[in-house]
Amino acid sequence: MDGSLAALAAHVAAGEKRAVARALDHVEDRRPASRARIAALLSALAAAGGHDAHRVGITGPPGVGKSTLVAALARVLRARGRTVGVLAVDPTSVRSGGALLGDRARMGFDPGDDGLFVRSAATGGDAGGLTFAAHALVAVLAAAYDVVLVETTGVGQTETDVERVVDTVALVVQPGSGDTLQFLKAGVMEIPDVFVVNKADEVALAERAAADLRSALGTLRGAGVAAAHEVAVLRTSARDRTGIDALADALDAHRAALGPEGLAARRFDGTVASALALFARRHGEVGVERLGGEGPARALAEAEARRGLPDVAVAVALGAWLEA
Amino acid sequence: MTKRERPWIMRTYAGHSTAEKSNALFRTNLGKGQTGLSVAFDLPTQTGYDPDHPLARGEVGKVGVPVAHLGDMRALFDALPLEKMNTSMTINATAPWLLALYVALAEERGVDPASLAGTTQNDLVKEYLSRGTYILPPAQSLRLTTDLIVHTVKSIPRWNPINICSYHLQEAGATPAQELAYALVTAIAVLDAVRARGLTQPELDEVVGRMSFFVNAGIRFVDELCKMRAFVALWDRITRERYGVADAEHRRFRYGVQVNSLGLTEQQPENNILRIVLEMLSVTLSKDARARAVQLPAWNEALGLPRPWDQQWSLRAQQILAYETDLLEHGDLFEGSVVVGARVAALEAEAWREVEAVLARGGAIEAVESGYIKQRLVESNAARLGAIERGEQIVVGLNAFRESEPSPLTRDLDGAILVVDPGVERERVEALAAWRAARDERAAQAALAALREALRAGENVMPPSIAAAHAGVTTGEWAGVLRELWGEYRAPTGVAGARVSGDAGQPGERARLRAELDRLAQRLGRRPKFLVGKPGLDGHSNGAEQIAIKARDVGFEVVYEGIRVTPAQLVTSALEEGVHLVGLSILSGSHRQIVPEIVAALRAAGVEAPVIVGGIIPPADAASLLAQGVARVYTPKDFALDAIMADLVALLTAHADAADAGA
């Protein structure tokens, strides 16, 4: 292994900001020639024995106050003595390829806090509300901090992608947002692990929204949808900083309920899904066909992932099968 | 002799360095025939920081006078009879505090506060939208605004407690109809809140009668003249229909003006005095919609802080119009004019549609919080700048008629502006320490505790603030209580949601820039990432916003930090975000201190990204910043955003070449 990468990984594991920033720069590199180095860095990070962060996705439609909520949650976690890495993902303009990343301005963190790191990333035109590098970016932050918060925009089908890079998904809605309910009932939306009704300062509306969500989940439960009975529905006000402690508790409770095996299985699925997406991004449907179609491609990816490889390495390995 | 109307109040927006120096300036201006005082406060005072706070670095005494406590207020009004003055204070987030200091000063001089006359601007909406000197979230700001109004209507009846200020909306890009609409919805939000306090109808009538506006007058002076007439009509309608004000005198639209600084140019700056005079006509020609008070900028404001002589020139322009010409001998010049009447009607209709659009969104406060208004302004401004860049909107000396004989006025350019002595800041910090040491500490702490309790209990902010002023509390301590209770607000930037103004700039040029950016992205492995922020306390974010949007449109990934970022925040952001370029925007004159400090801190943190600076930077300062490691300096004369973008791409390419060569 490249010695400088091992050294970099060790500095990341020690939570040194400069090293974390450099590692993030590395994994964002889109040049095909960089893939092998990225894979090596990710392996080095796994070997460096850094933190094994709880990876949390905070997702929801625009305007529900996700940034403020992430900021409030990060403060609560810091107050509990846990270090926090934040990945804030914003959409890329389809026309120019550029992006405006405005979230960190609204978070207002203490710049002197070494236990808090915020990185903004653009989707880069990839579908699903995430950047192609999301899995690797999260892996870097997860090696350096106790908790990683991934903020993405979306509701309905688009936010499901965040599921493959995190352990726990919290979906944030605001009072009076009927969309979520419709999506949920129509089965369009994956069921998140935690529901958050933010802006609960609008008390009556928030109570009704929470009650509606609970009743919708009850209906789904009645219909035999398995995950529905485990979903917590919480009310928060990021503005008044209420309900944030309960949210932190609920996120922890979800990870505890997953158990070591559940967690490992979820991360394994995430790695496979992410690797397949990376592979498809580079080689397209034709590439998948050449591996024998979706089923065989997945089987191959699972076999590679079982060797403990990160998603980028799995994708590289699948690419190698094409050459073979 | 013909009977002449009494002229409007002539003011010069003044104040700088220290209370003592500003006091001398006031006395000189009054001696020159000026008839009212308009006090400019420095940014720490406006945003509730004492001179010794880290965010105040480089800002103390820069754009106005620092007032940190009652002692400064004493010095500011030394030997000026408060009971005879008409004092206008451009103060917003800390308006209750500055009024409290003014009242406390009157009380200790034995002057009855009920005899005080003047104005506190006290309008936070435009702070969120453009000027940026807010502290608290909108709901709490509105509460304090309302407290001040309710207090004065009962205790200081001759005070104008609020001056709804659409001036900065035009600076932020508002069209005439938008300026009308957003000023009116602001007034509606305030009056609705005041009425909800349970005022009687006569008290509400009194508040409406005391409410005044502060508007902008741009160079399209016929439109601006019609805008003022539309204001009069719409205000009459709102106060009658919505608030049931019966007396026409109470419904009269009273307004002051600062004519537009936005259109003033750095090129051939002597032309600005002509623009200023034309703009003044739009708010004085209509007798039926004439300004009550006018203040004019100085010809050299695009270069830096004006000197007393520069301000005198603008004051003389007003005096010539009022006293030499026959304007004030006539009735309304436009009564019955078909052309003016039609334009006024069109503006009224367009503005009213926008008023209704905002009210449908829940009113001004909601439309600020959701970013709706801000986004509309950012879009209008992008359209305006695009029109100038394409040459569709002519600006003499800037994009047309650029050849010029050497100007004797700017021959000694660095002498043509006022430079505040950097020693002022140290002196104020020391004076503050001395003030704190000399006061009765227990009384000060008790007053702060009482203020905290009163605010928690929902009581009016004014009485405990006046008590705190007497007890020697400082501006930073007073605002500190508010921050502790309600937190510091960050307003929506309007940048992320703004639609691309597709026709800004030259289309071919944009495609070329995008292709170059794509090539650069290939080479770097990542898309070039550009951090844009405004360090210091200056909140005029229009320039930074336009740069951010333009950079996004040509393909940068832009991390927009917004206003009031500390050097430490900027450095942390640059480091964590892995940016390729850092852009700083500063208009308050604090660049000399702040910029070198930030460059040094970036390098110490291992960030090698080039740093560029934009703002009102005199040439000598620009040279000095370049010598201290800044890669580029852009000033208002660099109006072509495409050209700036092309320059940035070239800069990053050169930087990448150098890095490759070094590797």
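Residue numbering restarts at 1 for every chain, and letters A, B, ... go by the order of the sequence lines. Side-chain atoms are counted along with the backbone in the values below, which use heavy atoms only and exclude waters and symmetry mates. Keep in mind the model is a prediction, meaning the values are calculated, not measured.
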Exercise. With a 4.5 angstrom heavy-atom cut-off, which part of B:Ala551 approaches chain A: side chain, backbone, both or neither?
Worked result: neither
Exercise. Between A:Phe117 and A:Arg18, is there a cation-pi geometry (under 6.0 Å to ring centre, at most 45° from the normal)?
Worked result: no
Exercise. Just by distance, do the side chain of B:Arg527 and the backbone of A:Ala99 share a donor-acceptor pair under 3.5 Å?
Worked result: no
Seminar exercise, completed: Bottom line for B:Gln522: the part with an atom under 4.5 Å from chain A's heavy atoms is backbone
Problem set entry | Among the listed options A:Ser120, A:Gly112, A:Ser34, the residue most often paired with chain B at heavy-atom distances under 4.5 Å | A:Ser120
Problem set entry | Test item: A:Arg31 side-chain N/O and B:Arg523 main-chain N/O as donor-acceptor pair under 3.5 Å | yes
Problem set entry | Options B:Leu524, B:Asp518, B:Val565, B:Val554, ranked by heavy-atom pairs under 4.5 Å with chain A, top entry | B:Leu524
For this session: Compute both the distance and the angle, then confirm whether B:Arg564 meets the cation-pi test with B:Tyr134: under 6.0 Å from the six-membered ring centre, within 45 degrees of the axis.
Result: yes
Exercise. Are A:Glu151 and A:Thr59 close enough that a side-chain donor and a side-chain acceptor fall under 3.5 Å?
Worked result: no
Problem set entry | Under 3.5 Å side-chain donor-acceptor pair for B:Thr47 and B:Thr133 | no
Exercise. Is any NZ, NE, NH1 or NH2 atom of the basic residue among A:Asp25 and A:Arg119 found under 4.0 Å from an Asp or Glu carboxylate oxygen of the other?
Worked result: yes
Exercise. Got a donor-acceptor contact below 3.5 angstrom from the B:His580 side chain to the B:Lys529 backbone?
Worked result: yes
Exercise. Side chain, backbone, both or neither: which part of A:Val20 has a heavy atom under 4.5 Å from chain B?
Worked result: neither
Exercise. So, are B:Lys374 and B:Glu545 salt-bridged, with charged N and O less than 4.0 Å apart?
Worked result: yes
Exercise. What parts of residues 568-578 of chain B touch chain A if we use heavy atoms and a cut-off under 4.5 Å?
Worked result: B:Ala568, B:Gln569, B:Thr572, B:Ser573, B:Leu575, B:Glu576, B:Glu577, B:Gly578
For this session: Look at A:Asp29, A:Leu24, A:Asp90, A:Thr68 and state which one has the largest set of heavy-atom pairs under 4.5 Å with chain B.
Result: A:Asp29
Problem set entry | Region of A:Leu141 that comes under 4.5 Å of a non-hydrogen atom in chain B | neither
